[in-house]
Amino acid sequence: MAYWLLKSEPSVYSWDRLVADGRTHWDGVRNAQALNNLRAMQPGDRAFFYHSNAGKDIVGVAEIVRAFYPDPNDRSGKLGMVDVRPVMPVPQPVTLAQMKARPELAGMALLRQSRLSVCPVSEREWQVICEMAGIGPETARSGD
DNA sequence: GCCAACGTTGGC
DNA sequence: GCCAACGTTGGC
């Protein structure tokens, strides 16, 4: 199982909306690197849900429930999406500033490439952030 | 194939 | 609102 981080502007698609929807298509990704990350996702993988621009914090944990499949509306055949569902909100949102302050997280793709909207997260990074968020990593893993 | 101009993302 | 850090486009 792999770990990821999904960015979304709350004004465009918020965590609350994902919770209300119960499941959604994670589409609209155009950046080649972000698309590569999407393609690597497998059902059961976990992802932090990060609010960009407004908030700038991790507010929830989501699960990949369907691997990459092509976007039927894309003629180029390159674009695609995965399906995700909410697992749980985090008791303590973790801000970008808090993550920047942790040496263990200095290598994070999120911090190194601010424009990357779909980022990989290492197991170590996942554990550190879960701790900061007030959730046990095993809780985030088993879900529900 | 280079590179200037332009567009976009997202932190500040 | 500004701007840095990209990515993309198109003329040459």
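Naming convention: chains lettered A, B, ... in sequence-line order (proteins, then strands); numbering from 1 in each chain.
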Trainee: Does a side-chain N or O of A:Tyr50 approach OP1 or OP2 of B:dT9 to a distance below 4.0 Å, or not?
Mentor: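 Result: no.
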Trainee: When the distance from CE of A:Met108 to P of B:dG11 is rounded to whole Å, what number comes out?
Mentor: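 Rounded to whole Å, this separation is 12 Å.
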Trainee: Roughly, in whole Å, what's the span from CG in A:Leu96 to P in B:dG10?
Mentor: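 To the nearest whole Å, that distance equals 12 Å.
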Trainee: Using atom CZ of A:Arg112 as one end and atom P of B:dG11 as the other, report the distance to the nearest whole Å.
Mentor: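 Roughly 17 Å, once rounded to whole Å.
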Trainee: Have A:Asp45 and A:Trp4 got a donor and an acceptor in their side chains that come within less than 3.5 Å?
Mentor: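 A:Asp45 vs A:Trp4: donor-acceptor pair found between side chains.
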Trainee: Closer than 4.0 Å, any side-chain N/O of A:Lys100 to the OP1 or OP2 of B:dC12?
Mentor: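 Yes, A:Lys100 has a side-chain N/O under 4.0 Å of OP1/OP2 on B:dC12.
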Trainee: Whole Å only: how far is the CG atom of A:Asn53 from the P atom of B:dC12?
Mentor: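 Atom-to-atom, A:Asn53 to B:dC12, this comes out as 11 Å.
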Trainee: Is it the case that the side chain of A:Lys7 and the backbone of A:Leu116 share a donor-acceptor pair, with hydrogens and angles ignored and the cut-off at 3.5 Å?
Mentor: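 Looks like yes, one N/O pair under 3.5 Å.
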Trainee: Mind calculating the distance between CG (A:Asn31) and P (C:dT8) to the nearest angstrom?
Mentor: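 So the two atoms are 7 Å apart, to the nearest Å.
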Trainee: Give a yes or no on whether A:Arg39 atom CZ has more than 12 heavy-atom contacts from other residues, nucleotides or ligands under 6.0 Å away.
Mentor: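 Yes, enclosed.
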Trainee: Taking CD from A:Gln33 and P from B:dT8, how many angstroms apart are they, rounded to a whole number?
Mentor: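 The distance from CD of A:Gln33 to P of B:dT8 comes to 20 Å, rounded to the nearest Å.
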Trainee: Distance check needed: B:dG10 P versus A:Met99 CE, whole Å only.
Mentor: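 Whole-Å distance recorded here is 13 Å.
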Trainee: Roughly, in whole Å, what's the span from CZ in A:Arg30 to C1' in B:dG7?
Mentor: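 Rounded to the whole Å, the gap is 12 Å.
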Trainee: Between the main-chain N or O of A:Pro93 and the side-chain N or O of A:Asp57, is there a donor-acceptor pair closer than 3.5 Å?
Mentor: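 No; judged by distance alone, with no hydrogens or angles, the pair does not exist.
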Trainee: For A:Lys7 and B:dT9, is the shortest distance between a side-chain N/O and OP1 or OP2 below 4.0 Å?
Mentor: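 Looking at the OP1 and OP2 atoms of B:dT9, neither is under 4.0 Å from any side-chain N or O of A:Lys7.
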